[in-house]
Number of protein chains: 2
Amino acid sequence: MLDVAAKAGVSTATVSALINGTAPVSPELRERIGSAIAAIGYKRNTIARSLKTGATNTIGLVIADITNPFFTDVVAVIQDVLHRAGYAVMLCCTDEDPDQQEEQISLLLDRMVDGLIIAPAGDDHALERVLKRADIPVVLIDRISNGIAADAVVLDNQRAVREAIDYLIGLGHRRIGYISGSLDTSTGRGRLSGYRDALENANLACEEDLVRIGNFRERDAYNAAMQLLVLPDLPSAIFSANNLMVIGVMKAIRDMGLRCPEDISVSSFDDFPWADVFQPNLTTIAQPVQAIGEHASQLILDRLSNRAERPPRQIVLAGRLTIRESCRPFSRPDKN
Amino acid sequence: MLDVAAKAGVSTATVSALINGTAPVSPELRERIGSAIAAIGYKRNTIARSLKTGATNTIGLVIADITNPFFTDVVAVIQDVLHRAGYAVMLCCTDEDPDQQEEQISLLLDRMVDGLIIAPAGDDHALERVLKRADIPVVLIDRISNGIAADAVVLDNQRAVREAIDYLIGLGHRRIGYISGSLDTSTGRGRLSGYRDALENANLACEEDLVRIGNFRERDAYNAAMQLLVLPDLPSAIFSANNLMVIGVMKAIRDMGLRCPEDISVSSFDDFPWADVFQPNLTTIAQPVQAIGEHASQLILDRLSNRAERPPRQIVLAGRLTIRESCRPFSRPDKN
DNA sequence: TACTCCTATCTAAACGTTTCGATCATGAGC
DNA sequence: GCTCATGATCGAAACGTTTAGATAGGAGTA
C-alpha cells in the first residue's frame, strides 16, 4: 500500500479511503490510485487490517462431528450464506468431547473470530466457562445450554419424537426400545422426554430396561441395541435418537439374525438422502436443515451488524415425520 | 503484553522471549513474568503475531462438496492431524465450480494461510492461474492438475475401476453402463480409462451410448442413468464413478420400476458406512480415507517445517474392491 | 591486564493497515 | 470582506507483536 501510494503520488490515508470508501476521493486520484493498484498488483493485507480494526471477517463454526450428514448439511448452508455476506468460516469439530470443545473454541477466540456458531457438546458448565472469555456474538444451534443466554435455533425435539412414538404406538407397538443420545445435551434430553411423553400419554409403562444410551455414535448405539436385543422380552420396535446411531442399530439387528421390519420395526431421528432408495426404507424425522442454517446465519449477521443489545432470541423449528417402510403394524403375540 | 511487561517490571522483549522460548530468561524473571501473565489473564494476540511473523498457523483446505462423505472422512483426519501439529484448518467448499474455487482460494490467500490442501474442481488452467499468486506449499488430494507441480496424494483410479469392471465382466455382464464424473477432473478421466481398459482387455466394444456424464452429482447422475435405462438394449449393469451419483442411479432404477440386483447390477466408486446393512448391499470401491488424510497432512507439514526445495512428490494409493450383493451373475438372454 | 565470549536483558524499529485531527482550498451566506 | 461549512487530502499515531542490534556484567583465557 505504501508502494501504491508512492506510485500514485498520494498518501496511504487516501488509498485507504478509496479502498474502503470511507471518505470521498476526487475522480482524478481515484483514477491514479486505481491504475497504481493494477500496475503493482496490490492486495490489501487482511492481517494488518484485522490488527487495526479488531475484526477478522471470520466466523467460527463448531460442530460435534463432521462425519454426521446432519451437521454437514447445516454447515453447507451456513457457509453459503456467510460467504455471500463477506465472511469466511472456520470450521472445527469437537468429536462430542467437552475438552476438545474448549480447546477448539479457545483456538477460534485466539484467532479473533468475529462471531461463533456452536452446536455444543457435553457439559454445559465447560461451555459456559470458555464462553465467558468471549464478548462476541454467539449463536447456538441444534443444542442449547441452559446457563448461556445466547441466540439459538433448535428443534422441538420433544414434540417430534413424541409424534414418531405415537405413530409406533398407533401401529400396535407396546414395547418400544429407545437408543438415546448423551443426556448431557439438550437434544438428548428433549428427545427422551418425547419418548416418555408418548408412552405416558398412551398409558404405557416406561420400562427403564428399554432405554439405552448410545451417545450419538454408531459404535455405542450398536452396543446399546445389542443389550436391547438380548432381553428375554424383545422390543417390537426401536427408535434411535439420531442418524449415526440408527446404523449401529441396524447392524445389531442384522448381527442378531433379525430382519427389519419383519421382526422388528425401526425409526430414527434425522433423515438420509438415500433413505427412500435403500431397504429397509427408514421412517425418520427429517430436520429442516436449510432453515436451521439460514436462521443461524441470520442471527449472527444481525448481531454483527447491529450492535443493539436485544435480548437473546430462540428460534424453535419443527421436525417432519417421514413415514416409509421400516415400521410394520404389530399385533401382540399371545403371551402370558 | 505491554501490561504484563509493566507489571513484571521488564521489557516486552523479555516477555516475548519467554513466551516463545526464543532466548534464555533467568528463573527469577521467568517467575515474575509468569505470575504477571496469570494475574492479568494475558493471551497473546495471534493477529499481531501473524502480522509480524508472516505466519498464521492456519492451513486452507479446499474441497468440492462438504456433503460428500468421502470428503468429510478425509477432512476429519486432516483436521485431526493438523490440529495436533498446532495448525488451525480453514475449510472451504467449491461446489465443483471453478469460479467458486478461485474465489475461495483467493479468500484463503488473503487471509495468509501458511499452506493449502486442495481437491481441485474443474478446469486446470483456472487453478493454475490462481495458484500462481501463492508462494506457499500446496498439496493436491484426490484429483491432480497436470499443469501444477505440487505434492499430491491420489488413488490409482484407473486400476481400481478396471478391477471393478473386470469383476462385472467375470459375472457375465457384457453391456455395462458407466456414469462418469466430470472429465475436467483427473479422477473423472482416470476412472473412465479404467472402464475402457477393462472392456478392451475383454475384447468388448466400448459403446459410447453406454457412457454418460454425471458430473459427480446425484441429480445429474439420475438423468444420466435415466438415459441408460430407456435404451432399447438395456445394460445389465451400471457402474457409477462416485458415491453421490450411485444414489441417483438407484433412484433412476427404482423410478423405472426395475430392481437391483435382480434386473440390473450396480457398483460404484466410494464406500458407505451403511453399505453392508441396507439393501441392496452395494459392491463398491473403498478408498483408504485415513491414509489419504494422513499423507496429505504429512506432506504439507514437511514442506512447512523443512523449507528444503525437494521436487514435488506424488503418492499413489490403491482402492479396495468390496464385493457385496448388488451385482448378480448375468447370462445373456437369447437374442438376435 | 586486556581480550573475547557468554548470558541476560533492553531499546526501538519494524509488520501493513486504519483513523483522528489538521490543513487548505472553495464557495456560500450574511 | 468576513465567517463557516464542505470536500479533499495528508501526517502521524496507533494496533500488539517480534526481532535485530545494543548494552552490560561476568567468566574464561592468554
Side-chain angles (χ1 to χ4, degrees), chain A residues 1-37 39-58 86 88 106-107 109-114 133 135-136, chain B residues 1-37 39-58 86 88 106-107 109-114 133 135-136:
Chain A
M1 177 150 147
L2 234 54
D3 301 340
V4 172
K7 179 147 195 157
V10 298
S11 77
T12 61
T14 309
V15 177
S16 178
L18 173 58
I19 291 177
N20 298 306
T22 49
V25 174
S26 69
E28 185 199 356
L29 288 196
R30 199 177 284 268
E31 163 65 28
R32 286 225 308 272
I33 296 173
S35 48
I37 287 180
I40 294 186
Y42 166 77
K43 283 263 169 185
R44 106 170 129 201
N45 182 319
T46 321
I47 304 289
R49 173 170 223 263
S50 294
L51 176 58
K52 188 62 185 155
T53 62
T56 52
N57 276 334
T58 304
S106 287
L107 181 145
L109 256 23
D110 281 354
R111 281 185 170 62
M112 308 255 158
V113 293
D114 297 340
R133 261 183 55 203
D135 60 341
I136 56 173
Chain B
M1 176 149 148
L2 233 55
D3 301 341
V4 171
K7 179 147 195 156
V10 299
S11 78
T12 60
T14 310
V15 177
S16 178
L18 173 57
I19 291 177
N20 298 306
T22 48
V25 174
S26 69
E28 184 199 359
L29 288 195
R30 199 177 282 270
E31 163 65 29
R32 287 226 308 271
I33 296 174
S35 48
I37 287 180
I40 295 184
Y42 166 77
K43 283 262 168 186
R44 104 170 129 203
N45 182 319
T46 320
I47 303 290
R49 173 171 223 263
S50 293
L51 176 58
K52 187 60 187 162
T53 63
T56 51
N57 276 334
T58 304
S106 288
L107 180 144
L109 256 23
D110 281 355
R111 281 185 169 62
M112 309 251 160
V113 293
D114 297 340
R133 263 183 52 203
D135 60 342
I136 55 174

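Nothing here was measured: the structure is a model prediction, and the numbers come from that model. In the text below, chain A, chain B and the rest are named by the order of the sequence lines, each starting its count at 1.
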Is any side-chain heavy atom of [X] closer than 4.5 Å to a side-chain heavy atom of [Y]?
X	Y	answer
B:T12	B:L2	yes
A:M1	A:S16	yes
A:K7	A:I33	no
A:K43	B:D110	yes
B:R32	B:L29	yes

Given C:dT17, is OP1 or OP2 found less than 4.0 Å from the side-chain N or O atoms of A:R44?
->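 Indeed not, no polar side-chain atom of A:R44 lies that close.
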Closest approach of A:A55 to A:S50 (non-hydrogen atoms, all atoms of both residues) |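 For A:A55 versus A:S50, the nearest heavy atoms are O-OG, 3.1 Å.
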Proximity to the side chain of A:T53 - top-ranked nucleotide from C:dT18, C:dT17, C:dA12 =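 Selected nucleotide: C:dT18.
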Among C:dT9, C:dT17, C:dT19, find the nucleotide with the atom closest to the side chain of B:S26.
->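 Closest nucleotide to the B:S26 side chain: C:dT9.
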Between [N] atom [atom2] and [X] atom [atom1], what is the distance in whole Å?
X	N	atom1	atom2	result
A:L51	C:dA14	CG	C1'	13 Å
B:I33	C:dA8	CD1	C1'	11 Å
A:E28	C:dA25	CD	P	16 Å
A:L18	C:dT17	CG	C1'	15 Å

Counting any heavy atom closer than 4.0 Å, what does B:S11 reach on the DNA or RNA strands: base, sugar-phosphate only, or nothing?
->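 Base, at least one base heavy atom under 4.0 Å.
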Is B:S16 touching bases, backbone alone, or none of the nucleic acid, heavy atoms closer than 4.0 Å?
->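 It contacts base atoms.
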Tell me, please, the opening and closing nucleotides of DNA chain D, 5' to 3', among those with an atom under 4.0 angstrom from a non-hydrogen atom of chain A.
->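 On DNA chain D, the outermost contacted nucleotides are D:dA8 to D:dG16.
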Among B:N57, B:T58, B:I136, find the one that has a side chain to side chain contact (heavy atoms under 4.5 Å, CB included) with B:D114.
->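 Running side chain to side chain contact (heavy atoms under 4.5 Å, CB included) over B:N57, B:T58, B:I136 with B:D114 returns exactly one hit, B:N57.
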Work out how much the helix from C:dT1-D:dA30 to C:dC30-D:dG1 bends between its end axes, five pairs an end, to the nearest 10 degrees.
->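 Here the local axes at opposite ends form an angle of 50°.
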Could you pick out which residue, B:M1 or A:L29, lies toward the 5' side of DNA chain D when each is mapped onto its nearest nucleotide?
->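 Going by which nucleotide is closer to the 5' end, it is A:L29.
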Trace of the side-chain contact (heavy atoms from CB on, under 4.5 Å) decision for B:I47 with B:K52 | CA-CA 9 Å; B:I47 303 290; B:K52 187 60 187 162; over 6 Å; no
Whether over 12 other heavy atoms sit under 6.0 Å from A:I40 CD1 =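 Yes, CD1 of A:I40 has more than 12 neighbouring heavy atoms, counting only those of other groups under 6.0 Å.
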